[in-house]
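Here's the structure, in structure tokens; my notes come after.
Numbers restart at 1 for each chain; the letters A, B, ... are given by sequence-line order, proteins then strands.
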Amino acid sequence: MHKTFDPQAIEQAHYERWEQAGYFAAGKGDNGFCIVIPPPNVTGTLHMGHAFQDTIMDTLTRYHRMRGVPTLWQPGTDHAGIATQMVVERQLNADGKTRHDLGRDAFVERVWQWKESSGGKISRQMRRLGASVDWSRDRFTMDEGLSEVVRDVFIQLYDEGLIYRGKRLVNWDPVLRTALSDLEVLSEDEAGHLWHFRYPLADGSQHLTVATTRPETMLGDTAVAVHPEDERYQHLIGQTVLLPIVDREIPIVADEYVDPEFGTGCVKITPAHDFNDYEIGQRHNLEMINVLTDDARINDDMPEAYRGLDRFDARAQIVEAFESLGLLDRVEDHTLKVPRGDRSGSVVEPYLTDQWYVKVGPLAEPAIQAVADGRIRFVPENWSKTYFNWMHNLEDWCISRQLWWGHRIPAWYDESGNIFVGSDETAVREQHNIDASIPLRQDDDVLDTWFSSALWPFSTLGWPDQTEAMASYYPTSVLVTGFDIIFFWVARMIMMGMKFAGDVPFREVYIHGLIRDQDGQKMSKSKGNVLDPIDLIDGIDLESLVEKRTTGLMQPHLAPRIEKATRRQFPEGIPEFGTDALRFTFASLATTGRDVRFDLGRIEGYRNFCNKLWNASRFALQATEDTNLDSVPENYEPSLPERWIRSRLNELIGEVERQFARYRLDLAAQAMYEFTWHEYCDWFVELAKTTLYDDQATDGAKAGMARTLLDVLDALLRVLHPLTPFITEEISLQLAERLGLGRETLCTADWPAAGQADPQAESHMLWLQGIVGGIRQIRGEMDIAPGKAVPVLLSESTADDEARATELRPLLMRLANLESLEFVQDPPTACAVALHGNLRVSVPMAGLIDVAKERERLQKQRDKTAADLARTEGKLGNQNFVERAPEAVVVEEQRRAEEHRSALARLDAQIQELAAMAD
RNA sequence: GGGCGAUUAGCUCAGGGGUAGAGCGCCACGUUGACAUCGUGGAGGUCGGUGGUUCGAAACCACCAUCGCCCACCA
């Protein structure tokens, strides 16, 4: 084995072997464990969030697979309608073309080509992470089977009246020229103005002042509203105003919606361009006048002067017109929520169009119930509150998009506009007896990407067929995802799963946090703080990193700043850490309910951890090379260190099982780290050397120790494997050969069984660690060179101490590097002293120890002991404490006081003796 | 306007009614036959504030402060 662990040398070869051997194939049988992957964008690349999520899913999957449960991690990718279409359109734009130049069929063909050429990237990256998905089941939301499921579901929902087509106000993205769902619109505070316009009463007697943030919509005003109880305006209700510029006479209506406190208390009402106004329009039967085209220009029904003007130019001109008419009262600065499309970033317009909707009320009811009664459990629990909050306020879901890339809506129209829904045109004609001579036209729109995503947990398992996979794995076990798509995806999967697959789609939803940069900032290309998980695995030099971060920016002027920050933060680039270190880092950071700051310091630490494991294994294999492992005697009695390490291993296994069960990968990782480094390496390996390097030790003892060293390592590797599959596999293959296990992989190896604890061994070890620690402390603080062996005298010992010291003598000698170890009645004064319970551990000073320094050291201990004693005695002196605290607590406190008193007395005595000696 | 979360060592974070923890960083010493990506020892915190419950609060409760996120129609 090489002296340091080299991840690059082993990772890819192992993964290829695993995949070829089919270790990740779906297991057969009932009560399986299944995770369906949140399908990434097929043409996308892996980012830190994916890597984090994949690590969690892979760890859980590997763990269950090792436990012998039929296991499936279902992979796949999403067609990501808008996102993918935009990418390809941008490519066309670069050639000076638009998608309309190509036409629909050619454009869609082009997107498929792009999907074929770039679609493999994310899968390759997942392989680098070690993701143990069943690639043979890989699915794509637009492959044939899934598209059929989409059509079937659409048709059934339509037939049941749960999908309908309607003309309503929708969120319209005028750049992409498509409708968006409420979720795809993000409203942010932006600086704007509040324009106050005077609208003259029709009788010319006076005017009303209305305030608006969007002057251009006044062209479509069909009323002015005031609050019914607003005394200022009550007498005007029912009268009309003459809308300036368009000279339309419109009514003054009373509506509770109006807040008399805000602005002037008068609101202009534009039902065709504002969601609230739309509602008011419905209540008052107002006309809806659309003033815009689908790319947000003023349409041809409007006064000629404004036709064809962009909405923002029109805004300026209308304000100008009001000013010149003397009707501009004033302009105020005003911050307002501006709705923008989450993809295009353009200001979204409420726009009156025909769209398809899912009527969610009937679907939501059972979906709410499933979470309420615990059939689906959110982890952490508080997310269910977010879920309920949203589910109780659902609006119908607009599912049609005016795009070309996606599942085309399976609806056909005849020339009189009748709608026929069916799987294809032939089916539609058959079902409705439509003669071939009658032309039918398919709906141009495609479905919201999330429509197919909502079906993902059962569509990928083969529904509607009664497949083995459905039987074994539906409902799936757990959904692992971020909080940002609870509404987009989680809620809709629950609704659709219950409606169509007859049960909840998953039993638990594990919500993880967002990966942020070291300063807590979101990672984004424009901030230039993105880390590529593959760069953390393989490393990257500074120049390449700078180039990666500064090319392809939407705002190229940010490049210099990004470059500077990158050079400052990574002066040496990023070193190679390997996949296992990255995965271990993610797991360690996977605490529930909070975002994760990705700190390079952590990954470095876990790379070191991998190296530590590597070297401990190297030691275990080398040090036992010449040992015949089969020569362990029949009646072999394991030594204390062996009993201890096995006891600790059992504790580790149990702890990891407990923490995995509650998705606390951070605590599981911490337990693994602690055991590996601080128990196996720091103590057991050192203790094992005592036997293995001892010429006096019998062959049987050596063989027994070697066996334990290797057996425990083997179990440890299995415990670590779900988190760090590559390094454990590599070591394990060598180990398995040595142990004659005939094992080809850890992927399908048995999860180790947790045996009984051995309290006696643990207590003996605590004693040993206490004594060794005391002596090491003296060494450390007295600056005794580590290589210098020291004599040690034990006194004031109990029979128990003596028995232990005798049994553990060789261990003490080695671990504390002792020259000698003796029991004495009265140790000389000139000693450095450590107390372990009643036992006094003395290191004679001759030539080793500075008396003044030792006094100082003891004084520090004395002060601490005195403080502890004071606190303890304070408690015991409190009558209330003694009477009301549980007896065990009081007894423990008394014992502690006793110990402190005794230690204090002896420290005082020792200090005085040293003082006397110095005089 | 509602809801959620955070506040613990210099940094990143666990924990949790009974003597404050880890990793990294820091200081000192160290070429001991697995590992300097290491070893041994050490320093460092009145657990955001105020009040309450309790024999006992960093933990439970209330209020406050600061930061962050989500939802919501104020023109």
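The structure places CD of A:Glu190 at 4.0 Å from CZ of A:Arg340, a figure rounded to the nearest 0.5 Å.
A salt bridge is defined here as a Lys NZ or Arg NE, NH1 or NH2 lying under 4.0 Å from an Asp or Glu carboxylate O, and A:Arg664 with A:Asp666 meets this definition. A salt bridge links A:Arg283 and A:Asp255; the closest N-O separation between the charged side-chain nitrogens and carboxylate oxygens is under 4.0 Å. We find that A:Lys853 and A:Glu856 are not joined by a salt bridge, their nearest charged nitrogen and carboxylate oxygen being 4.0 Å or further apart.
In this structure, A:Asn878 contributes its side chain and A:Gly874 its backbone to no donor-acceptor pair below 3.5 Å.
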Nucleic acid footprint by protein, nucleotides 34-41 of chain B - heavy-atom cut-off 4.0 Å, B for base, S for sugar-phosphate alone: BBSBSSSS
Encode nucleotides 7-15 of chain B as B, S and - characters from 5' to 3', where the letter depends on protein heavy atoms closer than 4.0 Å: B to the base, S only to sugar-phosphate, - to neither. S----BSSS
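Across the C1' atoms, B:rA59 and B:rA20 are found 11 Å apart, a figure rounded to whole Å. Comparing B:rC13 with B:rG52, their C1' atoms sit 30 Å apart, to the nearest whole Å. Rounded to whole Å, the separation between the C1' atoms of B:rG56 and B:rG17 comes to 8 Å. For B:rG10 and B:rC4, the C1' atoms lie 30 Å apart once the distance is rounded to whole Å. Taking atom C1' on both B:rC70 and B:rG18, the two are 39 Å apart, rounded to the nearest angstrom.
Base contact: A:Asp259 has a heavy atom under 4.0 Å from a base atom. Within 4.0 Å of A:Phe275, counting heavy atoms only, lies no atom of the nucleic acid at all.
Considering A:Glu216, A:Glu349, A:His273 in turn, A:Glu349 is the only one that fulfils the side-chain hydrogen bond (donor to acceptor under 3.5 Å, both in side chains) rule with A:Arg311.
Taking 4.0 angstrom as the limit, A:Lys385 places a side-chain polar atom (N or O) nearer than this to OP1 or OP2 of B:rC4.
When the nearest nucleotides of RNA chain B are assigned to A:Trp383 and A:Lys522 by heavy-atom distance, the more 5′-ward of the two goes with A:Trp383.
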For RNA chain B, produce a single dot-bracket line, 5' to 3'. Pairs: Watson-Crick or G-U wobble, both distances under 3.5 Å. Symbols: ( ) within strand, [ ] crossing, | other strand, . unpaired. (((((((..((((....[..)))).(((((.......))))).....(((((..]....))))))))))))....
